[in-house]
Amino acid sequence: MATREPGRPPGRHVPVRVPARRSAGDVLAGLGALAVLVALVGGVPYALLTYVGPPLAPELLNLDVLTDTVGPSTIIAVLRLLVWLAWFQLFVCVIVEVYAGVRRVGMPARVPLSGGMQTLANKLVGAVLLLFTAGAMVVPLAKLAPTPAAPPVTTVAYSAPIVEKALETNKTKKVYVVQPPHGRHHESLWEIAEKCLGDGRRYPEIYRLNQAKEQPDGSRLRMADLIRPGWVLDMPDDARNVHIVPTDQSRERTLREHPGKANVDRPKQVERPVERGSKTDHAEGKQEQRTEAKHRQPDQQQPIIQENQGADLTPYLAGASLAAAGLLLALAKRRREQLWHRMFGRRIARPRDDAAQAEVALRLGGDAPGARILDIGLRLLGAELAAQGRTPPVVYGAHLSARTLDLWIHPPDNDPPEPWTAQDGGQVWRLPAHEGRLLENQPGGAPYPGLVSIGTDASGRVLIDLEAAQGLINVRGPQTTAALAALAVELATNRWSDGMRITLVGFGEELTAIAPDRIRAVGGFVEVLPELEAIAAPRREVMTGRITGSPREAHYLLSAVAPTHEEARRLALLARKDTAGYVVAGEVPHATWTLEISDDGKAGIAELGFEVEAQLLPRRHYQALIDLFRTAQRLDGELIPEMEPLSGLHPPAVEIRMLGPVEVVGLGPLEEGRMALATELLVYLATHPGGVHPVVLGGVLWPRGVQAMVRDATIARVAEWLGPDHLLTDEAGRLRLGPEVRTDWALFRELVRRSQNDPTARAVLLEKALGLVRGPLLTGRQPGRYAWLAADDLEYDVAAGVADAAHQLCELRLAQGQPDAAVAAVRAALLLAADDEGLWRDLLRATHATGDIVRLRAVVEGLTRRSASHPYGEGMAPETEALIEELLPTWRIHVVRESTA
């Protein structure tokens with residue numbers, strides 16, 4: 001069949017560049033494999049029939065052979081049958097491998113008792129198929145495509161258009177101006193390709209024409225799924241619905257002459273009260289609110305009523321439960337480093353707007369228990385198989401539900417190590433969730449770092465192992481880059497891998513903000529193919545190293561840009577011999593699996609029989625995550641805002657305790673099952689004394705949505721529980737707590753405020769404040785609740801305020817010659833702010849001041865053990881290590897003794 005340019009009518013031939021042919025060595029290898037196959041499949045039976053005879057000799061057809069004495073002729077007949085059976089087994093292996101390669105069914109069926117014979121067939125058939133699949137694309141093109149004397153444009157399949165010298169005389173070019181968003185709809189390269197080229201799959205051509213070119217706003221196209229209104233995109237020569245401009249015209253002039261709707265004035269946002277159903281009222285202004293929010297200063301007032309802007313962030317980010325768990329862990333590591341640099345009187349920088357709502361969604365959906373079961377269960381599996389001298393099987397898929405972790409393996413094996421069990425004839429290895437929760441942390445290596453979620457089905461999360469394809473994985477559809485970004489984020493942050501490198505081609509440069517030690521982004525395959533070909537390693541060697549303690553760094557390549565014919569051929573050859581994962585967009589030949597992303601968000605891999613709700617990371621969500629992690633890189637911090645003073649310190653009628661286990665004191669019991677929600681409602685109202693509209697409160701307490709009737713009934717029940725005069729409503733309909741309801745945090749801040757104004761009573765007031773601390777903030781809250789804390793000041797203010805109060809009191813007590821009191825002050829604060837290493841340095845200085853060297857050594861050893869096993873990253877701040885060296889020069893010797901004891 002003749003190849004035609006996408007978007008052209010059939011029957012019209014287009015000049016096509018023939019891809020570069022393989023080297024003489026490649027051709028000889030393929031022809032040699034073909035010759036060996038012909039000899040084995042056809043030559044062996046011909047020789048047997050000619051010189052040995054048919055499979056069944058007359059001696060074996062005589063039933064007397066079972067009782068008579070066996071003679072030489074009978075033995076020869078048996079050996080002849082065995083030779084024929086061996087040939088037949090090889091023939092079946094070849095048929096199975098040819099079927100799998102031609103139909104691209106992925107994992108070939110296992111031929112019983114084949115051993116190394118199927119491996120030999122696999123290699124021979126693979127070499128022959130690669131020879132013919134590449135060559136098949138050359139011959140028809142050479143015969144059917146006319147060869148004009150001076151072709152204006154030469155197109156390479158699966159790549160961007162290439163402009164020939166004849167085009168240099170052309171004085172005009174075609175461009176497209178990216179239009180502004182309409183409501184929540186933003187243009188994408190796929191949609192532009194559909195509108196202008198007639199086929200959305202041609203978006204890589206537009207991407208390659210504009211990659212890294214500076215746009216009018218000074219930015220550049222780095223990610224195929226991230227374009228901005230007002231950008232001027234160069235288009236292929238056959239584009240429609242575009243502007244024709246001189247080739248040397250500047251982009252600024254193009255935009256001035258053809259602005260489209262990119263420069264329309266935006267209406268001013270009017271603040272107004274919203275009653276029930278206000279989400280509809282504010283839908284039109286939502287994009288404007290987000291744009292203005294980027295330029296709003298942190299201390300500016302928010303609108304009285306605003307809808308839950310994170311609502312449409314939640315379905316994707318909260319739904320990606322394993323990725324969310326990994327992202328939260330990576331974020332916590334960054335926050336710990338921020339705390340190392342926190343200065344007195346400042347809190348660490350917190351995210352805002354979409355970035356804050358992204359963290360809310362991550363907290364809401366993060367499945368840390370599931371990630372832990374996957375991590376520990378796989379490491380235990382690898383360790384047990386290593387102890388038995390077995391190589392881990394190929395795991396081509398996994399399913400994680402609330403009840404089980406299932407691994408789909410190849411070949412089937414009915415003998416998994418405990419506590420794993422075999423199901424479906426050994427095709428599935430299962431770990432019950434209740435068994436997984438009881439497992440202790442495993443020291444063994446990670447055998448399957450390439451397992452990554454593609455989406456969810458009715459009962460849980462479906463993962464595939466990128467390495468198990470043992471070939472290219474092709475991803476296609478209108479949301480290709482969103483799917484690739486989701487894969488990259490989960491791979492870069494998962495718990496069930498050790499060393500890893502992820503190479504992103506044509507997108508994702510900003511993702512290095514999330515995992516700079518794992519992710520790198522490049523513009524094209526030419527930058528990475530030689531390196532990958534040089535470090536390729538066979539699967540058995542890599543798998544054995546992972547479970548025996550000498551692992552090789554895992555490597556995965558994700559590309560939003562389709563390769564050229566030659567690049568696709570090299571990738572296919574590389575993927576078959578390398579233990580790595582290669583996921584490539586576009587219409588790619590030689591793919592083993594194809595991940596199809598449909599318009600309605602479904603993902604399917606026909607070769608594996610998987611169909612799920614796709615795990616995607618669209619543009620807005622992608623940018624929100626980047627902003628979240630960039631905020632976590634800031635070391636300057638923010639000033640802690642002052643709090644309104646309390647009118648008095650008398651005991652309140654109702655006290656909400658947050659500085660430790662969450663409690664409500666002064667109220668009667670509440671019906672079973674209502675207390676957790678009612679307490680969260682009170683905590684939110686108590687920490688927002690300016691008032692909260694019921695619509696906003698509903699979005700906070702029920703981030704996935706709630707009926708107004710349920711929301712109002714809950715508020716009414718809490719009002720009844722509180723009693724009269726404790727829940728008030730202002731003229732705008734906002735709810736606030738009465739003056740006789742107070743939090744221990746408000747009392748803490750009032751005591752600290754008064755201590756600054758009364759030097760004589762400063763130490764006493766600070767001690768009273770620290771006496772309110774009973775543990776971490778809101779200890780004991782139910783999983784999934786209080787996700788709103790990520791978008792609120794409370795966590796940041798409390799941690800900084802408690803640490804600063806303890807530091808002040810420590811300094812005062814040391815100046816007064818009371819080191820034991822200084823130690824007590826710091827230890828009280830560490831109950832809540834244990835990750836603030838400024839407090840640990842205060843504890844070291846205070847303990848050193850006691851003169852008790854044994855006590856000081858105990859503090860150092862405790863801090864060292866904590867730092868070495870910290871869930872948010874090992875090690876301690878350089879300032880802390882330097883202080884220990886100063887106070888206890890021999891500390892490292894004792895640490896080594898402890899570790900070797």
What distance separates Arg634 CZ from His341 NE2, expressed to the nearest 0.5 Å? 14.5 Å

Please tell me whether Tyr316 and Arg620 have a donor and an acceptor in their side chains that are separated by less than 3.5 angstrom. no

With side chains defined as the heavy atoms from C-beta onward, is the minimum distance between Arg347 and Asp793 less than 4.5 Å? yes

Over all heavy atoms of both residues, which pair between Ala361 and Leu317 is shortest? Give the atoms and the distance, please. CB-CB, 3.7 Å

Hey, what's the ring geometry for Phe344 with His807, parallel, tilted or perpendicular (30° and 60° as the breaks)? tilted

Mind checking what makes ring pair (Phe, Tyr, Trp, His ring centres under 6.0 Å) contact with His870, not counting sequence neighbours? Tyr872

State, to 0.1 Å, how close Arg774 and Pro661 come at their nearest heavy-atom pair, and which atoms those are. NH2-O, 3.0 Å

Any luck finding a side-chain donor-acceptor pair between Gln808 and Gln756 under 3.5 Å? yes

Taking atom CZ as the centre, does Arg785 end up with more than 12 heavy-atom neighbours from other residues, nucleotides or ligands that are less than 6.0 angstrom away? yes

When you check the side-chain N and O atoms of Asp353 and Gln357, is any donor under 3.5 Å from an acceptor? no

Walk me through it: do Asp498 and Arg379 pass the test salt bridge (charged side-chain N to carboxylate O under 4.0 Å, His left out)? CA-CA 11 Å; Asp498 297 323; Arg379 292 180 190 273; 2.9 Å; yes

pair Tyr786-Val662: side-chain heavy atoms closer than 4.5 Å: yes

Could you tell me how the ring of Phe748 sits relative to the ring of Trp745: parallel (under 30°), tilted (30 to 60°) or perpendicular (over 60°)? parallel

Taking all non-hydrogen atoms of both residues into account, name the closest pair between Ala318 and Arg704 and its distance. CB-NH2, 4.0 Å

Leu362 side chain near Leu628 side chain, heavy-atom distance below 4.5 Å: yes

Verify whether one side chain among His688 and Asp792 offers a donor that lies under 3.5 Å from an acceptor in the other. yes

With rounding to the nearest 0.5 angstrom, report the CD1 to CZ distance, Ile376 to Arg437. 12.5 Å

Side chains of Arg518 and Thr493, donor plus acceptor under 3.5 Å: no

For Gln816 and Arg813, which I'm curious about, is there any donor-acceptor pair between the side chains at under 3.5 Å? yes

As an exercise, state the distance from CG of Leu639 to CE of Met343, rounded to the nearest 0.5 Å. 10.0 Å

Taking Leu844's backbone N and O only, do any of them form a donor-acceptor pair with Thr847's side chain (distance below 3.5 Å, no angle check)? no

Measure the CG-CZ distance between Leu685 and Arg736 for me, rounded to the nearest 0.5 Å. 11.0 Å

Using the side chain to side chain contact (heavy atoms under 4.5 Å, CB included) rule, take Leu322 and Arg461 through it: C-alpha gap first, then chi angles, then the decisive distance, then the call. CA-CA 9 Å; Leu322 295 178; Arg461 182 155 300 277; 3.5 Å; yes

Point-to-point distance, once rounded to the nearest 0.5 Å, from CD1 of Ile373 to CZ of Arg495: 10.5 Å

Taking the side chain from Thr779 and the backbone from Gly775, do they hold a donor-acceptor pair closer than 3.5 Å? no

Counting only heavy atoms from other residues, nucleotides and ligands, does the tally under 6.0 Å from CZ of Arg827 exceed 12? no

Flag side-chain contact, heavy atom, 4.5 Å: Met876 against Thr864: yes

Hey, are the side chains of Val654 and His726 touching, using non-hydrogen atoms and a 4.5 Å cut-off? yes

Is it true that the side chains of Asp852 and Thr850 contain a donor and an acceptor less than 3.5 Å apart? no

How about CE on Met675, more than 12 heavy atoms from neighbouring residues, nucleotides or ligands closer than 6.0 Å, or not? yes

If you count every heavy atom of other residues, nucleotides or ligands that lies below 6.0 Å from Glu644 atom CD, does the total exceed 12? no

Taking Arg742 for its side chain and His650 for its backbone only, find out whether a donor-acceptor pair lies under 3.5 Å. yes

Side chains of Glu638 and Tyr796 only: does a donor on one sit below 3.5 Å from an acceptor on the other? no

Quick check for you: to the nearest 0.5 Å, what is the distance between Leu770 atom CG and Leu659 atom CG? 10.0 Å

